[in-house]
Each structure stands twice: as C-alpha cells, then as structure tokens.
**Q** 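This is the structure I want to talk about, given as structure tokens.
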Amino acid sequence: MLKNFDIIADAVKQANWILVNQQLQQLLDKKNNAEAVEDKELEQAVAMALQILQVGDFQARWDIAKIFPKIGKPAIAPLLEILEDESAELEMRWFALRILGEFNEPQIVLSLVKLLEKTQEEELAIASAQTLAKIGQPAISSLVELLKEEKSRLLAVKSLAQIRRSDVIEPLLSVVNDAVAEVRATAIEALGSFHHKHLMPVFIQALQDTSFSVRKEAVIALKVRDYLKEEFDLVNHLQPLLYDFDSQVCQQAILAMGCMKDEAAMKALSDVLNFKNFPLFLKQEAVRALNWSSSFLALDYLKEVLYSSDIALAQEIITVLGRQESIEFKSYVTEILIDFLNSKQEITHQSQIKQVLATSLGELGDLRALTHLEKLGDDDDSKVRLYAKAAVKKLDSKQLRG
C-alpha cells in the first residue's frame, strides 16, 4: 500500500489529478470490499485528498469531492476545520461544505448552523442552508434538541427557518410565544412560507405581539393569503396595523391592504390618505397600493384625494394614475386628469404638477388629451413645455399608427 501512496505523492507533484483520483479510488475499493484498511492508510488518503482540495483547480476539487464521502468519518474533522477557517479560500470552504452535506452527523449540523449565524459570505450562507435541507430529517432532529436550550434556541430557529420542509412546522410552532422577540419573529417568518390553513390563527395572534418585528412578519405572512380574507376577516385584523407605532409595520400593512382588493380595504387606504399627520412616504405607499387594487372605486378614492393633496402627494397620485394598463381604466383616468388640470385649483398652477400631468397624459395615450397638452406646450415654464411637447409627440405617433 505504501507504493500506492508513493504513486499518489508523485502524481500530486505533477498535478496529475486524474491519476491521484484513480489511486485513491483503488484504496477505497479495497475498503468497500471489506478488505482490511489500516487507520493510518485512511489518514494518508484524507491527507492526499485534502492536498488536492488545497492546491487543485476547480475541476480537480470537483472530482476529489466525490472521494471524501467514500473515505468516511475520518474525513469529517479536517473538512470541518476548513469550513470554520474564515481565512481559508472561499472556494475551498464551499467545497468542504458541499462534501460535508453527504454525511449525516450531528457535529456537521452544528457547524452549518454556526456558519449560517456568523458568515458574511452570501455564497456560503446559501450553500449552508441548502446543505441543511439536503441532510433533512437528521438535521431537523438535531436542531429540535437545540431548541430545548435557551442559549442555543435562536441559532436553532434560524437554522430551521432555512429548511423549508413541512417537518419544521411543529418545531417552529413550539417557539412562536418564546420570551425572545427575535426567536418569535424568525419562527413567524419561516412559517409564513407554508400555506397551511391551520397556521392562520398563529399569524393573526402575532399581529398583537409587543415586538414590531413579529408584527411585521405576521402582516407579511397574511399579505399573501388574500384568498382567505373573508374566512378569517383579514381586513379587520390588518386595519389597526395601518397606524402602528412602527413605520415598517405600517408599510407592510398598507401593502397587505392593497393585496386584499376589496371595498373595505380600499376605504381603509383612503382613510390613511386623508389622515393629516400620516408620514408622506407612507401616504405614497398607500397611493400605490390603491392603484394595485385595479378598480374604479380605488380610482375614485385617488381622484378625491388628488384635490386635497400637497404637491408631493399629488405628484405621486398623478404619476401612478398614468401607469394604467387597462384600456377601460386609461379612459377613465384621462378624464380624471383633464378635469383636474382644468379645475383651476391653486396646485394645478405649480410647474411640478403640470410636468407630471403632461407625462401621465402622454403615457395614457388618449387623444382627448391632445388639445390640453398643446396648451401646456405654450406654458411660461420651459420644463413644462418640454414635457408637454414630448407627450404630444407620443399622441401624434399613436394617431399616425391608428
């Protein structure tokens, strides 16, 4: 067998990776055929394989990665050492991680969990999560044990959250009322990826959580369950979150209401727009959410608010109205914008408003706007004239095509 290792050593020096693989495979075939292989021989095999992992090119590493699982447990410790070495080359750590995924050992699960927690390398984080999922039930079982210990619970929950399999639902449910907010939030976020109806009461309860991060994850989970809005009265549950103390929760609640697309949700969003002290960026979010509702009622609410808005909000409303895709909506919105332009409201004399009106009327492509755009083309403000003439060109082009 020593001769075999001499051949491997010479092959490594010559970077003859094919020969190295062949010689290592012969040794492992002997092991798999239940022939006696000394521990020292396996150690030498690991050392040789590790050398290729360190100095070989990508293809050599790819090929040798198939050898490690055949070596067995003696390969685990040195691979874990590479994985946990932050100074090691990224590609080598990635290969070590990939190889470790072939073993179902508790210490590997723990190392992958720690890596997920600490690494700043996105590639390693993704590969670690994928490897945990690949290990499957053994990984879940190990993590469930870690849930029992307060000091390791957060790490375990974060790791379970990466394994998007139904087996993790029950373990995650066991910590949705944990004393640590980050544990609760992580559990709710992970459960949100499972469309199981029995989880709905959990999300609804989490809307009342004292932690904004938990409330936010609960809203996000409910946002994609609009098909259950009537059965679980989601609009009424979500409405208070529109006025949450935390702006991130408010923002997600606004988006969720936009997804509900019913009269009650649209009315709630219009109330937000009429709420005097509401932050501008959230009102702008509500404008976009109403527009997503794709209904005449939503357009009427936007029209109503348009006449009572400040410049910044009016600009957002006009811009959003100009993005209609339905021909039916385009016609109605064109009427709204033309009426607003001719309303003689003080705000319509502002240059910024006339600019966005010109742009939106051009985008809508309704020829009824042509006369009004030509009038804007003679405006005193050079920017207004520029935007209006660009819009007129769009309508003229459409007229020629028509």
Side-chain angles (χ1 to χ4, degrees), residues 5-25 27-28 31 39-136 138-140 142-143 146 151-152 154-163:
F5 282 112
D6 288 339
I7 294 172
I8 294 174
D10 288 339
V12 169
K13 289 177 183 177
Q14 298 170 26
N16 188 343
W17 310 125
I18 295 176
L19 180 58
V20 173
N21 270 282
Q22 288 175 345
Q23 293 298 316
L24 285 173
Q25 189 62 57
L27 172 65
L28 296 171
K31 175 176 175 283
D39 290 343
K40 189 174 182 180
E41 290 178 322
L42 287 177
E43 288 174 10
Q44 285 181 288
V46 171
M48 292 294 184
L50 286 172
Q51 194 171 353
I52 296 176
L53 203 59
Q54 290 169 342
V55 302
D57 57 19
F58 184 89
Q59 186 60 52
R61 288 171 168 175
W62 184 271
D63 292 337
I64 204 65
K66 301 170 187 175
I67 296 290
F68 280 98
K70 297 177 182 178
I71 295 174
K73 289 186 178 182
I76 293 176
L79 287 169
L80 285 175
E81 190 174 335
I82 293 171
L83 180 63
E84 294 168 3
D85 183 1
E86 295 183 5
S87 65
E89 180 194 358
L90 177 60
E91 185 181 284
M92 188 165 68
R93 294 179 75 195
W94 183 87
F95 269 105
L97 196 159
R98 185 175 176 275
I99 297 164
L100 287 166
E102 301 296 325
F103 298 91
N104 292 332
E105 295 292 331
Q107 72 262 40
I108 294 174
V109 174
L110 292 175
S111 289
L112 294 178
V113 170
K114 290 176 183 175
L115 180 66
L116 265 176
E117 177 72 2
K118 292 170 58 179
T119 187
Q120 299 298 313
E121 299 288 351
E122 186 179 0
E123 287 183 50
L124 286 181
I126 292 171
S128 183
Q130 290 173 339
T131 303
L132 280 170
K134 182 179 180 181
I135 293 174
I140 294 171
S142 297
L143 294 170
L146 290 177
K151 63 181 181 180
S152 59
L154 178 58
L155 194 58
V157 170
K158 287 183 175 181
S159 301
L160 285 168
Q162 301 296 324
I163 307 174

**Q** Taking atom CD of E102 and atom CD1 of I108, what is their separation to the nearest 0.5 Å?
**A**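 These two atoms lie 10.0 Å from each other.
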
**Q** Could you give the distance from CD (E123) to CD (E91), rounded to the nearest 0.5 Å?
**A**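 Nearest 0.5 Å value for the CD-CD distance: 9.5 Å.
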
**Q** Describe, in one word, how the ring planes of W62 and W94 are oriented to each other, choosing from parallel (under 30°), tilted (30 to 60°) and perpendicular (over 60°).
**A**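 Ring orientation of W62 relative to W94: parallel.
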
**Q** Output the distance between atom CD1 (I71) and atom CG (L79), rounded to the nearest 0.5 Å.
**A**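 The CG atom of L79 is 8.5 Å from CD1 of I71, to the nearest 0.5 Å.
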
**Q** Flag the pair L146 / L155 as yes when at least one side-chain heavy-atom distance between them is below 4.5 Å, and no otherwise.
**A**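 In short, these two side chains do not touch, never coming nearer than 4.5 Å.
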
**Q** Within a strict 4.5 Å, meaning less than it, do heavy atoms of the T131 and L100 side chains meet?
**A**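 No, their side chains stay 4.5 Å or more apart.
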
**Q** Quick one: pull up NZ in K66 and CZ in R61 and give me the separation to the nearest 0.5 Å.
**A**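 Here the interatomic distance stands at 16.0 Å.
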
**Q** Can you check whether E89 reaches Q54 side chain to side chain, under 4.5 Å on heavy atoms?
**A**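 SC-SC contact between E89 and Q54 ruled out.
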
**Q** Above 12 or not: heavy atoms from other molecules or residues under 6.0 Å from CD of E84?
**A**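 Yes, enclosed.
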
**Q** If you measure from CG on L97 to CD on E121, what distance do you get to the nearest 0.5 Å?
**A**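 With rounding to 0.5 Å, CG (L97) is 12.5 Å from CD (E121).
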
**Q** Please report the shortest heavy-atom distance between R98 and A65, naming the atom on each side.
**A**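 Here R98 and A65 meet closest at NH1-CB, 4.0 Å.
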
**Q** State, to 0.1 Å, how close A49 and F68 come at their nearest heavy-atom pair, and which atoms those are.
**A**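 Minimum heavy-atom separation between A49 and F68: CB-CZ, 3.4 Å.
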
**Q** Nearest 0.5 angstrom please: M92 CE to L50 CG, how far?
**A**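 Taking CE in M92 and CG in L50, the distance rounds to 9.0 Å.
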
**Q** Where do I52 and A60 come nearest, in terms of heavy atoms and distance?
**A**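 Closest heavy-atom pair between I52 and A60: CG2-O, 3.9 Å.
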
**Q** So, do P78 and V46 sit near enough that their side-chain heavy atoms are less than 4.5 Å apart?
**A**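 Yes, at least one pair of side-chain atoms sits under 4.5 Å.
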
